[in-house]
2 protein chains.
Amino acid sequence: MGSESRCENCIIRQFNSLRAMTKEELKQVSDSKTSKIIKKGEAIFEEGEKLNGVFCVREGVSKLSKLSSNGKDQIVKLATKGEVMGQRSVIAEETSNLSAVAVNDMKLCFIPKEAIVNTLHKNPDFTFEVLRLMAHDLREADDVIVNISQKTVKQRIAEAFLYLKSNYGEDEEGYLVLTLSREDIANVVGTATESCIRIISEFKKKGLLKSSGKKLGILDEKKLKDLAEGF
Amino acid sequence: MGSESRCENCIIRQFNSLRAMTKEELKQVSDSKTSKIIKKGEAIFEEGEKLNGVFCVREGVSKLSKLSSNGKDQIVKLATKGEVMGQRSVIAEETSNLSAVAVNDMKLCFIPKEAIVNTLHKNPDFTFEVLRLMAHDLREADDVIVNISQKTVKQRIAEAFLYLKSNYGEDEEGYLVLTLSREDIANVVGTATESCIRIISEFKKKGLLKSSGKKLGILDEKKLKDLAEGF
DNA sequence: TTGAAAAGGTGACAAATATCATATATATTT
DNA sequence: AAATATATATGATATTTGTCACCTTTTCAA
């Protein structure tokens with residue numbers, strides 16, 4: 001087994017709470033973890049499922065969503081390289097309130113909850129680090145609430161593209177690296193797929209976005225920003 | 001100073017993370033805390049403000065809200081007896097993302113952040129307890145996101161009344177203990193005040209709610225539940 | 001106690017958004 | 001390569017919700 005398969009040597013760790021673990025703790029995590037490969041579209045866990053551990057994202061992106069009674073999926077968060085999924089449920093000892101599905105091909109590490117919970121009770125630095133990141137997630141959730149309830153669909157879609165650019169970047173030709181389907185974008189902003197498609201078409205006509213195959217790119221960031229702010 | 005003014009003897013503590021503090025730590029908190037009386041409508045802290053500590057609610061209810069660019073206030077959470085406000089900002093070392101305003105007359109304790117942060121780095125039980133409660137808040141925030149984006153205003157208002165009943169109870173005559181203005185209810189569910197008033201009137205006409213002065217009461221819980229679920 | 005301010009209420013209308021139907025393009029499977 | 005499924009697109013229409021105007025009732029302070 002190559003040394004990069006050990007948590008101690010994993011660079012991803014630097015982006016999440018595991019960086020606050022001691023060498024000993026990391027060794028324990030590394031010994032108990034398993035790696036998983038998940039293909040685009042496959043589920044990692046389902047809403048209501050009891051999680052026996054957390055998932056550390058090494059490659060790819062996962063959408064964390066919740067099904068509402070009317071059958072629509074609301075995407076609450078996108079989890080990327082370095083992020084840990086399922087922490088909330090493990091900590092609160094509740095079943096998962098969200099489903100996780102791979103947006104593209106992914107590599108994950110599954111860490112059994114014992115290794116995590118143990119450290120949570122012993123290493124305050126680690127616990128604090130998890131807390132700090134969760135505080136950040138909570139702020140983001142608050143922002144989403146305000147955005148959804150106060151901004152128009154058009155504003156939220158504009159914002160979504162700005163978010164995709166700033167979080168996942170664009171390729172050499174100026175197309176967004178993370179390609180989401182119109183349906184996924186609709187589920188992020190909380191609207192009907194048709195409304196989303198219509199507004200994206202409008203943005204393309206107005207020269208704010210460009211497209212090539214499945215890829216979408218931002219042409220006029222300034223105008224998108226103005227739009228998102230309500231001008 | 002009466003003994004009930006000491007955190008060690010405060011019953012409220014049992015409802016929040018402070019119950020995981022040691023006697024020594026509580027003494028330190030108690031020595032540094034100050035009590036505050038806040039009248040209905042007064043602000044406790046504002047969005048963007050740097051918080052030098054947290055507020056423990058001893059009596060009354062506070063609304064935590066965020067102003068959006070169009071001038072409307074979105075209430076993200078109601079904080080009651082036992083809850084601690086401002087933790088998120090202190091932990092993340094960020095300015096507050098929310099404003100806190102008293103919904104009715106309140107008694108608060110202000111605990112300077114040093115006493116909290118110190119303990120966070122030393123007592124894993126306390127840190128874990130804070131984490132556990134924040135995990136719970138995060139789940140609630142996720143639920144709010146899904147509700148706002150997937151349910152109609154009518155459903156959300158029905159839900160708000162069920163929430164008020166189950167969280168704050170009703171008096172002998174069946175009126176809700178916590179009386180919110182129509183505007184506040186509108187800001188909780190994320191709608192226009194007029195729309196909220198209209199729907200409450202409709203609920204009264206249909207015999208789902210009753211009113212007496214400012215007070216509102218639930219007459220038909222079953223139907224309200226059905227409505228909230230979309231029937 | 002009375003007059004101003006705030007909260008509650010309602011109608012008319014406009015705007016935003018969802019829904020349904022249907023068409024076309026693109027991807028996937030056989 | 002044809003057949004099938006899935007994603008994107010767009011028009012027509014219905015529904016929901018917001019906005020503005022105005023009125024009444026309640027609250028509160030001078």
Side-chain angles (χ1 to χ4, degrees), chain A residues 39-42 63 68-74 101 103-105 147-158 160-161 176 179-206 209-216 227-228 230, chain B residues 39-42 63 68-74 101 103-105 147-158 160 176 179-206 209-217 227-228 230:
Chain A
K39 291 222 182 87
K40 176 177 175 175
E42 282 179 9
K63 51 181 176 183
S68 75
S69 42
N70 65 31
K72 276 197 186 166
D73 228 26
Q74 174 68 35
V101 173
V103 169
N104 42 36
D105 292 350
N147 270 341
I148 289 196
S149 83
Q150 307 285 16
K151 296 196 168 178
T152 65
V153 172
K154 204 177 283 187
Q155 287 178 296
R156 283 180 272 145
I157 291 180
F161 280 106
L176 293 167
T179 301
L180 293 178
S181 69
R182 311 295 148 111
E183 191 182 2
D184 280 344
I185 298 174
N187 290 345
V188 166
V189 305
T191 190
T193 308
E194 295 95 322
S195 300
C196 180
I197 288 174
R198 236 181 278 275
I199 289 169
I200 290 177
S201 299
E202 186 192 323
F203 284 179
K204 284 199 284 185
K205 272 178 206 139
K206 285 188 179 163
L209 297 178
K210 61 179 175 180
S211 68
S212 161
K214 304 225 79 178
K215 288 193 163 296
L216 284 165
L227 237 165
Chain B
K39 291 222 182 85
K40 176 178 172 174
E42 283 179 9
K63 53 182 176 183
S68 75
S69 43
N70 65 31
K72 277 198 186 163
D73 230 24
Q74 173 68 35
V101 172
V103 169
N104 43 34
D105 292 350
N147 270 341
I148 290 197
S149 83
Q150 307 286 16
K151 295 196 168 179
T152 65
V153 172
K154 204 176 284 186
Q155 288 178 294
R156 283 180 272 148
I157 290 180
L176 293 168
T179 301
L180 292 179
S181 69
R182 313 295 150 112
E183 191 182 0
D184 279 344
I185 298 174
N187 291 344
V188 166
V189 305
T191 189
T193 308
E194 296 95 324
S195 301
C196 182
I197 288 174
R198 236 182 279 273
I199 288 169
I200 290 177
S201 300
E202 187 192 323
F203 284 178
K204 285 200 283 185
K205 272 179 204 136
K206 285 190 181 161
L209 296 178
K210 62 180 176 180
S211 67
S212 161
K214 302 225 80 177
K215 287 191 164 300
L216 283 166
L227 237 164

- line: Closest of C:dG9, C:dT17, D:dT17 to the B:Arg156 side chain is D:dT17

query: What nucleic acid atoms does B:Ser195 come within less than 4.0 Å of, heavy atoms only: base, sugar-phosphate, or nothing?
result: base

task: Please report, rounded to the nearest Å, how far the P atom of C:dT24 is from the CZ atom of A:Arg182.
output: 19 Å

query: For the pair made of CD in A:Glu202 and P in D:dT8, what is the distance, rounded to whole Å?
result: 18 Å

task: Under the side chain to side chain contact (heavy atoms under 4.5 Å, CB included) rule, what do A:Arg156 and A:Ile199 come out as? Steps first, then yes or no, please.
output: CA-CA 11 Å; A:Arg156 283 180 272 145; A:Ile199 289 169; over 6 Å; no

message: Can you identify which nucleotide, out of C:dT19, D:dG18, D:dT17, has its nearest atom closest to the A:Glu194 side chain?
response: C:dT19

message: Taking the minimum atom-to-atom distance to the side chain of A:Arg198, which one of D:dA12, D:dT17, D:dT8 wins?
response: D:dA12

message: In whole Å, I'd like the distance from the CD atom of B:Gln150 to the C1' atom of D:dT17.
response: 17 Å

- prompt: Could you give the CG-to-P distance, from B:Leu180 to C:dG8, as a whole number of Å?
  reply: 10 Å

message: With heavy-atom distances below 4.5 Å as the criterion, would you say the side chains of B:Ile185 and B:Ile200 are in contact?
response: yes

message: Looking at C:dA18, I'd like to know if its phosphate oxygens (OP1 or OP2) sit under 4.0 Å from a side-chain N or O belonging to A:Thr191.
response: yes

- prompt: Is there side-chain contact between B:Ile157 and B:Arg198, with heavy atoms separated by less than 4.5 Å?
  reply: no

- prompt: Any idea which of D:dG18, D:dA9, D:dT27 is nearest the B:Lys214 side chain?
  reply: D:dT27

- request: For A:Glu183 and C:dA18, give me the distance from atom CD to atom P, rounded to whole Å.
  value: 14 Å

message: I need the CZ-P distance between B:Phe203 and C:dG9, as an integer number of Å.
response: 14 Å

Sugar-phosphate only, base, or nothing, as touched by A:Lys204 at under 4.0 Å among non-hydrogen atoms: sugar-phosphate

task: Compare the minimum distances between each of C:dT17, D:dA9, D:dG18 and the side chain of B:Ala192, then state the nucleotide with the smallest one.
output: D:dG18

query: How close do B:Gln155 and B:Gln150 get, heavy atom to heavy atom, and via which atoms?
result: OE1-O, 4.5 Å

- prompt: Rounded to the nearest Å, what distance is computed from the CD atom of residue B:Gln155 to the C1' atom of nucleotide D:dT16?
  reply: 12 Å

message: What is the separation between atom CD1 on A:Ile199 and atom P on D:dA9, rounded to the nearest whole Å?
response: 13 Å

message: If you compare every side-chain N and O of B:Lys72 against the phosphate oxygens of D:dG18 (OP1, OP2), does one of them come in below 4.0 Å?
response: no

statement: The nucleotide from C:dT17, C:dT10, C:dA7 with an atom nearest the side chain of B:Ile197 is C:dT10

- prompt: For B:Ser201 and C:dT10, is the shortest distance between a side-chain N/O and OP1 or OP2 below 4.0 Å?
  reply: yes

- request: Measure the shortest side-chain to side-chain distance between B:Gln74 and B:Ile148 over non-hydrogen atoms and say whether it is less than 4.5 angstrom.
  value: yes

